[in-house]
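The block underneath contains the structure these notes are about, expressed in structure tokens.
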Amino acid sequence: MNTLLSYNGRMGFEARFLWESGIMKRGTYDQNVARQRIEVLHRSAPGIPAVVAYDTLPLHLKSKVDRALANRGEAAVKEGAPQISVFESLIHEDADARCFYADYQLTDGRPLPAHVQTEYYNNAIVLNAVREMLTIRKGRRDACNISGNRKNGLFASVSADVNAVNRDRYPHTLPSNDRRLRDRYNAYFHNGNPDYESLIHKNYCNQNSRKVTEAVKWMILSLYCQKNNPYADWVHAQYMQFLAAGIDVVDSRTGQIFDRRDFTDENGAPLTISESTVWNIVNAPENRVLIDSIRMSYHKFGALSRPHHHRHNAMFSLSKVSLDDRDLPRKMHDGNRVKAYYAYDVCSGALIGAAYSRKKDTDLYIGCLRDMFRFLDRRALGLPLEMEVENHLVNQFEDDLMRAGNLFPFVRWCAPTNSQEKHAEQFNRAKKYGYEKRYQDGIGRWYAKLPVNQTEGERFYNDQTDRYEIKEKTYSYEQLVADDMQMIEAYNNGLHRDQKTYPGKTRMQVFLENLNPQLKPMNRSLLLRYIGNHTSTRIQRNQYVQVQYADYQLEDLSMLKRLKPGNYSVDAYWLDDTDGTIGEVYLYQGGQYVGKAAQIATFTTAQAEWTEADTAAITEQSKYISKFDKFVREGKDNIANIKVLPAEMPEGLDCLPGKAPDVTLQGSAAGEVGGASLVPPASPRPADDDLDALMEKYSAADYREYAIEMA
């Protein structure tokens, strides 16, 4: 069977012959076809192979094909096949030229179009062949001693060869006139080596014939970015009115009036443009970016046009927790929606904290943290290493609870309205359309992009809200919260979205099996001060405080040393469990941590009902009371049982009015009290004016007794 076939009057062969015979690899063939180096006469189809044109193959490939055909016993060229001239045999591949035109960039940064690259490349290899042909013919003429104007005659002969080149095989655009060809040749080889850039037309990026100048472009864009968001035909009409002096255009920021003379050509004629030109200006990609930044909202522009960062998720659980609020899709009976706040682990996507409320406030955020803390505390896990939050509802905790390094080592503050930055937004969507829509009715939005996510309802006018609304099925608050908690359970027990990394694992399994090894234990006393419930109470009987109608015993008697003198009032912080029980409370006084207190377990007074729990309860209480009694005994031993006796005072001026008498116990009196030197408190003294009257009334001995009595 012959390999070369006639296909629509042209010689060709099956493409697979190239890689089956070892001429080239399949990938190399695909690249040559994509770069239009090989022409395909017929594309492959089921049961029909692709057919390649023989005459479009480069010379080095043709020689390989001919040898392969000869090895198979077939003629290299069939009868009627196009013959290659001597000049065409001198045309060879030029890899440098191909790379130059492929990498060349215009002044505006654009590359050369593909068909222009092919054109310039063919011009270069044909001019290379012209150089070789001139060398050959010049050598022949020199060998034959042919005189005369050899230069012009040579170019004339070579020009005929260039014009005879098969344009289908080498689609060049070199001039047919020998003089023009010689000029092009001299410019190409003016330095002796090929100058590929000399073949590039100088009109690329030339502004001489451009009608849309920079002034016209910015005028069109300014008119298009007006607050009423005009259409392109409106902008065209306004621009033409401006040229005709029908309107004036003023820059409101600077007060400058645009000059019509800036919108004329070199002859002073107005630069008129068509509506299609206006459309092209406003829809050019580089202009569209500027237009969208003005005509779109900040959120929409950031989501659709602005470049964004590309990230990958955390590799360990609790490395990062992302929090976000949302409204549950279905409405309550009053027409409002339940407000929810979620905490997601970024690595696993598991929802580890949730809170609900009828209104969106800081209590909702604190409730979410409380639920997350209960979840982590029941499993004896540490606190997350990083929290991802936004300013809404959380900014008031920026200097305490959400300050990096206080409770959480890292805190990430996301920009407001930037939904793509927060991981929680992605998890909210996965929960909504992956689970809520599967198990609940009415999930979606009436304005959703996909029809399958659109909700339908009867549109009616609400007199109370003075607006049109969609009548939907409503539910009670309790039912909506219970349904959402069921969805959280189904979501956490659903398969992790990265099944390639975690095959067969649910979100909760990934969360529990990939905990960050750097997690630290919780500082419960500091944490509950921010997210715990609070009440003011008082330490009673040096033993307990009363919180929520229950008694909580102090952890240790040393807590009494941390209280301020005469002040037994404290602030108690606690967090109840899901069943409402409170295991322990943490006490603060004046912002300083005092200690914790555990709930007192009582015991029965009936011996017949005594159990092991009663034994444990009385033992625990007895330990505290025993420690208290020991503290009292040791303290009493350090307090002396003293008596205060008056000391002998010399007569005279030892005790003057206005000066307290110094009483020092000496001798046997001092021995009775361990040698202590006591100074009695100051007593009421007579004024200096009454000194003479007192001296006259009392003798020295009597005055001493009077002073001691007053002391």
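In this text, all values refer to a predicted model and were calculated from it rather than measured experimentally. FYI, side chains are in, hydrogens and waters are out, and symmetry mates aren't considered; it's all heavy atoms of this structure.
Partners of Arg326 under the side-chain contact (heavy atoms from CB on, under 4.5 Å) rule, at least two apart in sequence or in another chain, are Leu328, Pro329, Ala340, Tyr342, Asn428, Lys431, Lys432, Glu436, Asp484. For Asp30, the salt bridge (charged side-chain N to carboxylate O under 4.0 Å, His left out) partners two or more places apart in sequence, or in a different chain, are Arg26. With sequence neighbours excluded, the residues that form a salt bridge (charged side-chain N to carboxylate O under 4.0 Å, His left out) with Asp183 are Arg180. Arg438 meets the salt bridge (charged side-chain N to carboxylate O under 4.0 Å, His left out) test with no other residue; sequence neighbours excluded. Taking the side-chain hydrogen bond (donor to acceptor under 3.5 Å, both in side chains) definition, one finds that Glu421 meets it with Arg412, Asn418, sequence neighbours left out. For the side-chain contact (heavy atoms from CB on, under 4.5 Å) test, residues two or more places apart in sequence or in another chain that qualify with Asp251 are Arg253, Thr254, Phe258. Every residue two or more places apart in sequence or in another chain that forms a salt bridge (charged side-chain N to carboxylate O under 4.0 Å, His left out) with Arg98 is listed here: Glu93.
Under the 3.5 Å distance criterion, the side-chain polar atoms of Tyr341 are left unmatched by any main-chain donor or acceptor of Gly353. Between the side chain of Asn163 and the main chain of Ser176, a donor-acceptor pair closer than 3.5 Å is present. At least one donor-acceptor pair under 3.5 Å links the side chain of Thr118 to the backbone N or O of Ala114. Within the 3.5 Å criterion, the main-chain N or O of Leu112 finds a donor-acceptor partner in the side chain of Gln117. Without hydrogens or angle criteria, His496 side chain to Cys347 main chain gives a donor-acceptor distance under 3.5 Å. Side chain of Glu39 to backbone of Gln36: no donor-acceptor contact under 3.5 angstrom is found. Not one N or O on the side chain of Asp259 forms a donor-acceptor pair closer than 3.5 Å with the backbone of Asp262. Looking only at distances, no side-chain donor or acceptor of Ser357 sits under 3.5 Å from a matching main-chain atom of Lys360.
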Indicate every side-chain donor-acceptor pair of residues 231-240 with a distance under 3.5 Å to a residue at least two apart or in another chain.
residue	atom	partner	partner atom	Å
His236	NE2	Ile273	O	2.8
Gln238	OE1	Gln226	NE2	2.8
Tyr239	OH	Leu271	O	2.7

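Residues Trp413 and Glu398 meet the side-chain proximity criterion, which asks for heavy atoms closer than 4.5 Å. Counting only heavy atoms from C-beta outward, the side chains of Val116 and Tyr101 never approach each other to under 4.5 Å. For the pair Asn462 and Asp466, the minimum side-chain heavy-atom distance is 4.5 Å or more. For the pair Ile38/Leu57, a side-chain contact is recorded, criterion being any heavy-atom separation below 4.5 Å from C-beta on. In this structure, Arg497 and Asn313 have side chains that are in contact, with non-hydrogen atoms separated by less than 4.5 Å.
Residue pairs meeting the salt bridge (charged side-chain N to carboxylate O under 4.0 Å, His left out) criterion with at least one member in residues 301-313, sequence neighbours excluded, do not occur. Under the salt bridge (charged side-chain N to carboxylate O under 4.0 Å, His left out) criterion, no residue pair touches residues 117-134, with sequence neighbours excluded. Each ring pair (Phe, Tyr, Trp, His ring centres under 6.0 Å) pair with one or both residues in residues 261-282, not counting sequence neighbours, appears once here: Phe242-Phe263. Screening residues 165-188 for ring pair (Phe, Tyr, Trp, His ring centres under 6.0 Å) gives Phe155-Tyr185, Tyr185-Phe189 as the qualifying pairs, with residues at least two apart or on separate chains.
Aromatic ring centres of Tyr196 and Tyr104 lie farther apart than the 6.0 Å criterion allows.
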Ring pair (Phe, Tyr, Trp, His ring centres under 6.0 Å) between Tyr365 and Phe397, intermediate numbers included: CA-CA 11 Å; Tyr365 168 72; Phe397 303 104; 5.7 Å; yes
Full working for salt bridge (Lys or Arg N to Asp or Glu O under 4.0 Å) between Glu388 and Lys422: CA-CA 7 Å; Glu388 183 179 70; Lys422 290 180 295 185; over 6 Å; no
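Note on ring orientation: taking the six-membered ring where Trp is involved, the planes of Tyr435 and Tyr491 are perpendicular (angle over 60°, cut-offs 30° and 60°).
A salt bridge between Asp325 and Lys339 is absent, with no side-chain N of the basic residue lying under 4.0 Å from a carboxylate O of the acidic one.
Judged by distance alone, the side chains of Asn177 and Ser159 never bring a donor and an acceptor atom under 3.5 Å apart. Side-chain atoms of Asp345 and Ser348 include a donor-acceptor pair closer than 3.5 Å.
To the nearest 0.5 Å, the span separating CZ on Arg184 from CG on Leu199 amounts to 6.5 Å.
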